[in-house]
J.: 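One structure follows; several queries about it will come next.
Atom set for the values below is all heavy atoms of this structure, side chains included, hydrogens, waters and symmetry mates excluded.
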Amino acid sequence: MRHGLEISCGGASVSVSTVVELGELAERAGWDGVFLEDYLIHYSGDDPFTYDPWLVLAAVAGRTGRVRLGTTVTALPRRRPAKLAREVLTLDHLSAGRATVAVGVGELAAAGATWWLEFVPAGEAATMRAAVARGPLR
């Protein structure tokens, strides 16, 4: 992959159908990848929509045939590792092997991201979740 396009996955004036259409247009325009932001709560506007990137990417997969698909970075401490692994695996099958996953620690205090987590240092939490998620992805 040489050039990937990052698309916001929410916001006050962004519909989910627009995000899917942008993914389709990116492929037609020659982009090599389409990557969505992975936020629990979009960071601008009053109560903006925030879409699940893995569900939206599945819709993009159904309307494209070449571009790589994934998130810019998925913060492991904010996701259930087994569920994330299943979502990425499903996207990979739906897209005929075009799924890409990038994971990181993220900002645990941002946007109430720790509402369901017991206190574990961010690096340790990410390491534990990565170990669980690797199994289904092999």
Side-chain angles (χ1 to χ4, degrees):
M1 179 174 45
R2 297 179 48 101
H3 303 287
L5 181 65
E6 177 182 349
I7 301 173
S8 175
C9 207
S13 61
V14 178
S15 70
V16 71
S17 61
T18 299
V19 177
V20 173
E21 289 171 18
L22 287 172
E24 188 177 15
L25 288 170
E27 180 172 84
R28 280 195 256 150
W31 290 91
D32 300 309
V34 171
F35 299 93
L36 303 183
E37 297 172 341
D38 187 3
Y39 294 107
L40 293 178
I41 301 169
H42 198 270
Y43 50 84
S44 65
D46 293 329
D47 198 24
F49 293 109
T50 305
Y51 308 111
D52 184 282
W54 299 103
L55 290 174
V56 176
L57 287 165
V60 174
R63 293 179 54 180
T64 59
R66 181 188 52 78
V67 290
R68 301 287 308 167
L69 303 166
T71 57
T72 51
V73 174
T74 290
L76 284 179
R78 290 188 281 183
R79 293 280 187 170
R80 303 278 187 202
K83 185 172 184 329
L84 174 63
R86 185 176 59 190
E87 291 167 345
V88 175
L89 180 68
T90 301
L91 177 63
D92 198 53
H93 284 263
L94 287 171
S95 68
R98 296 182 288 135
T100 299
V101 61
V103 296
V105 174
E107 293 183 53
L108 291 179
T114 59
W115 63 268
W116 60 268
L117 292 174
E118 69 284 358
F119 178 76
V120 177
E124 185 180 331
T127 301
M128 291 184 323
R129 285 168 173 77
V132 171
R134 271 195 299 268
L137 295 175
R138 290 179 191 213

J.: Could you state the interatomic distance from CG (Asp92) to CD (Glu87), rounded to the nearest 0.5 Å?
T.: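 Rounded to the nearest 0.5 Å, the CG-CD separation comes out at 13.5 Å.
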
J.: Between the side chain of Glu27 and the main-chain N/O of Val67, is any donor-acceptor distance below 3.5 Å?
T.: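 Judged by distance alone, yes, a pair lies under 3.5 Å.
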
J.: Are Thr18 and Ser15 side-chain neighbours, meaning at least one heavy-atom pair lies under 4.5 Å?
T.: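 Touching, per the 4.5 Å side-chain cut-off.
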
J.: Is a donor on one side and an acceptor on the other found under 3.5 Å between the side chain of Arg98 and the backbone of Ser95?
T.: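 Answer holds: yes.
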
J.: First locate atom CG of Leu69, then atom CG of Leu57, and finally report the distance between them rounded to the nearest 0.5 Å.
T.: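 Interatomic distance, Leu69 CG to Leu57 CG, rounded to 0.5 Å: 5.5 Å.
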
J.: Heavy atoms only: give me the nearest Leu94-Ala58 pair and the separation to one decimal.
T.: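 Nearest pair, atom of Leu94 first, then Ala58: CD1-CB, 3.9 Å.
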
J.: Can you find a heavy atom in the side chain of Cys9 that is under 4.5 Å from one in the side chain of Val56?
T.: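 Yes, close enough: below the 4.5 Å cut-off.
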
J.: I'd like to know if the side chain of Tyr51 and the backbone of Ser8 have a donor-acceptor N/O pair within less than 3.5 Å.
T.: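 Absent.
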
J.: Establish whether Val73 and Trp54 are linked, either directly or via other cluster members, by ILVMFWY side-chain heavy-atom contacts under 4.5 Å.
T.: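 Per the 4.5 Å side-chain linkage, Val73 and Trp54 are not co-clustered.
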
J.: Within the distance-only criterion (no hydrogens, no angle test), does the side chain of Arg68 pair as donor or acceptor with the backbone N or O of Ala99 below 3.5 angstrom?
T.: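 Yes; at least one donor-acceptor contact below 3.5 Å.
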
J.: Under a 3.5 Å threshold, yes or no: a donor from one side chain and an acceptor from the other, between Arg28 and Thr64?
T.: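 No, no side-chain donor-acceptor pair sits under 3.5 Å.
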
J.: Looking at Arg79 and Asp52, is any side-chain nitrogen of the basic one under 4.0 Å from a carboxylate oxygen of the acidic one?
T.: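 Yes, this pair counts.
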
J.: What are the two closest non-hydrogen atoms of Leu36 and Pro53, and how far apart are they?
T.: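 Looking at all heavy atoms of both residues, the closest pair is CD1-O, 3.7 Å.
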
J.: Measuring from Leu76:CG to Leu84:CG, what's the distance to the nearest 0.5 Å?
T.: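 These two atoms lie 6.5 Å from each other.
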
J.: Report yes or no: does Asp32 contribute a side-chain atom to a donor-acceptor pair with the main-chain N or O of His3 at less than 3.5 Å?
T.: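 Yes; at least one donor-acceptor contact below 3.5 Å.
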
J.: What's the shortest heavy-atom distance between Leu91 and Ala61, and which atoms?
T.: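 Taking Leu91 first and Ala61 second, the nearest heavy atoms are CD1-CB, 4.0 Å.
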
J.: I need the minimum non-hydrogen distance between Gly23 and Ile7, along with the two atoms involved.
T.: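 In terms of heavy atoms, the two residues are closest at N-CD1, 4.0 Å.
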
